[in-house]
Amino acid sequence: MIPLPVVKTVPVGIIGTGVYLPEKVLTNADLEKMVDTSDEWITTRTGIQERRIIGDNMATSDMACAAARMALKNAGVSPREIDLILVATVTPDMMFPATACLVQAQLKALHAAAFDISAGCSGFVYGLEIGSQFIKTGNYRTVLVIGAESLSRITNWHDRNTCVLFGDAAGAAVLKPVEEGFGILSVELGADGSGGDLLKLAVGGARTPITEENCHSPDRYLYMAGREVFKFAVKIMGECALKALEIAGLDRKDVDYLIPHQANIRIIEAAARRLELPMEKVFVNVQKYGNTSAASIPVALHEAVVEGKIKKGDKIVLVGFGAGLTWGASVIKWAV
Ligand code: ACO
């Protein structure tokens, strides 16, 4: 075997974050009027109390741009400096062009390449790894990673099994080279496509195009086998976070703060138990926004930063799972 050369890589970190949260709030009480459910069921089974719904005149790229502008401002970076824009989403504005290209145009990021990532709720962590690789090797200096979702547009509002769970939002992060010893210490990604049928939108792609017959079928909307996804999530969140810590040469005792994907409070608590972390060290906002898929981790990260929960030098773990099935975790030594 030819030995791989040892390459000196540049440390990469997040230097600014931003969010966009739609104004419209849909509460559990509102949902009680729409389907056979109750605030009590939703709160005890999921922890969700309300979620945000995108305005009629907006799409995923608009929310992504708003979050990106905030992240760029917080990072002190101009759109002209961006080399690459990555948008993680399962709800792109359209099949093509990529939502990332629409964002590139709106931001006037004239020097940026742009493409989308479809990795479900793990998309933002996938984006961190893709973006950081370009900077590590010296190819790019500045990458904008966005997670943005308009899940309300693919939700079946007659299906109580799913419609109570999801919300709309966008979160963004700016990646740049950082001080030696800081930034992204490790990323662990994975996928198991054999579980793809557990969480999917079957109609509208090349296998089952939209026809007159299926255009009103429930298959036009997000489908989820909730119980199976729940079991998978509880197992993978802990495993994947521990693997990322191992790659970073760290132990669970080293973790200062956990930013998990916000799908369900019971899944978050299970991950915290596996990492032996008290809930004070775990960020939770699922009660306010529900599951916003790829937007969930960057929105939680931004709120944790704004609330002063994370300071320079803290070792934080981001961890998520989602459609694909996919999973991803990253250990970051906060650099700013
Ligand atoms: N209101 C009242 N009853 C309900 C509701 C509701 N909104 N939804 C389901 N029920 C009923 C079910 O019909 C079922 O009734 P039955 O026993 O008579 O059939 C009963 O409640 C219990 O259903 P379970 O599925 O066992 O409930 P569970 O405790 O598993 O909670 C939930 C369901 C919340 C969906 C859970 O399984 C879950 O969180 N799964 C993971 C979801 C997730 O995290 N997805 C992430 C990926 S999303 C992405 O990538 C886009």
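Ligands are counted one by one from 1 in listed order, and the atoms in each one are counted from 1 as well.
- When only interatomic distances are considered, the shortest N/O to N/O separation between R227 and ligand 1 falls below 3.5 Å.
- The shortest contact between atom 45 (N) of ligand 1 and any protein heavy atom is with M224 SD, 3.2 Å.
- Between R45 and ligand 1, at least one pair of N/O atoms sits closer than 3.5 Å.
- When only interatomic distances are considered, the shortest N/O to N/O separation between N264 and ligand 1 falls below 3.5 Å.
- Transitive grouping of hydrophobic side chains (ILVMFWY, heavy atoms separated by less than 4.5 Å) brings L107 and Y140 into a common cluster.
- Within the 4.0 angstrom cut-off, atom 16 (P) of ligand 1 has no protein heavy-atom neighbours.
- In this structure, A233 has no heavy atom closer than 4.0 Å to ligand 1.
- Between the side chain of D83 and the backbone N or O of T142 there is at least one donor-acceptor pair closer than 3.5 Å.
- From R45, atom CZ reaches atom CD of E40 across 9.0 Å, with rounding to the nearest 0.5 Å.
- Here is the list of ligand 1 atoms found below 4.0 Å of a heavy atom in R266: 28 (P), 29 (O), 31 (O).
- Of the candidates F166, F321, F232, W41, W41 brings a heavy atom nearest to atom 20 (C) of ligand 1.
- Atoms of ligand 1 found under 4.0 Å from any heavy atom of N291 (numbered from 1 in listed order, with element): 45 (N), 46 (C), 47 (C), 48 (S).
- A heavy-atom separation below 4.0 Å is found between N161 and ligand 1.
- Nearest protein heavy-atom contact of atom 11 (C) of ligand 1 is R160 NH2, 3.7 Å.
- Of the protein's heavy atoms, L165 CD1, 3.9 Å lies nearest to atom 35 (C) of ligand 1.
- Atom numbering of ligand 1 starts at 1 in the shown order; those under 4.0 Å from a heavy atom of V164 are 7 (N).
- Within a 4.0 Å radius of atom 32 (C) of ligand 1, the protein has no heavy atom.
- Although no hydrogens or angles enter the test, the distance criterion places a donor-acceptor pair under 3.5 Å between the side chain of D168 and the main chain of I54.
- Looking at T292 and E149, their side chains never bring a donor and an acceptor atom within 3.5 Å of each other.
- For atom 13 (O) of ligand 1, the nearest protein heavy atom lies under 4.0 Å away.
- Nearest protein heavy-atom contact of atom 6 (C) of ligand 1 is T37 OG1, 3.3 Å.
- Listed here is the closest heavy atom pair of V286 and N264: CG2-N, 4.1 Å.
- For ligand 1 and I267, the ligand atoms under 4.0 Å from any heavy atom of the residue are 44 (O).
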Practice task
For side-chain contact (heavy atoms from CB on, under 4.5 Å), just list the numbers for I48 and V164, CA-CA rounded to whole Å, side-chain angles, deciding distance to a tenth of an Å, and then say yes or no.
Solution key: CA-CA 8 Å; I48 302 166; V164 302; over 6 Å; no

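- Looking at E180 and K8, a side-chain N of the basic residue comes within less than 4.0 Å of a carboxylate O on the acidic one, giving a salt bridge.
- Taking only nitrogen or oxygen atoms, main chain and side chain alike, T46 does not reach within less than 3.5 Å of ligand 1.
- Of all protein heavy atoms, the one lying nearest to atom 36 (C) of ligand 1 is F230 CD1, 3.9 Å.
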Exercise for the section: Starting from the C-alpha separation in whole Å, work towards a yes-or-no answer on side-chain contact (heavy atoms from CB on, under 4.5 Å) for E303 and L21. Expected result: CA-CA 12 Å; E303 292 198 335; L21 295 155; 4.0 Å; yes

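- Using modelled atom types and a 3.5 Å distance limit, the side chains of N139 and Q133 yield no donor-acceptor pair.
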Exercise for the section: Using the side-chain contact (heavy atoms from CB on, under 4.5 Å) rule, take W327 and D192 through it: C-alpha gap first, then chi angles, then the decisive distance, then the call. Expected result: CA-CA 9 Å; W327 56 90; D192 176 8; 3.8 Å; yes

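- Protein heavy atom at the shortest distance from atom 44 (O) of ligand 1 is A263 CB, 3.2 Å.
- Taking a cut-off of under 4.0 Å to the non-hydrogen atoms of L199, the atoms of ligand 1 that pass are 47 (C), 48 (S), 49 (C), 50 (O).
- Ligand 1 has no N or O atom lying under 3.5 Å from any N or O atom of G120, backbone or side chain.
- S132 places no side-chain N or O within donor-acceptor distance of the main-chain N or O of V12, the cut-off being under 3.5 Å.
- Residue contacts with ligand 1: G226 is placed with a nitrogen or oxygen under 3.5 Å of a nitrogen or oxygen of the ligand (distance criterion only).
- Interface of C121 with ligand 1, defined as ligand atoms under 4.0 Å from a residue heavy atom, comprises 47 (C), 48 (S), 49 (C), 50 (O), 51 (C).
- Set against the non-hydrogen atoms of G322, the atoms of ligand 1 under 4.0 Å away are 50 (O).
- Put simply, F232 and Y126 are part of two different groups of oily side chains (I, L, V, M, F, W, Y) that touch within less than 4.5 Å, one to the next.
- If you run side chain to side chain contact (heavy atoms under 4.5 Å, CB included) between V319 and each of L275, I297, L258, only L258 comes through.
- In summary, the side chains of T60 and S150 do present a donor paired with an acceptor at a separation below 3.5 Å, with no hydrogens or angles considered.
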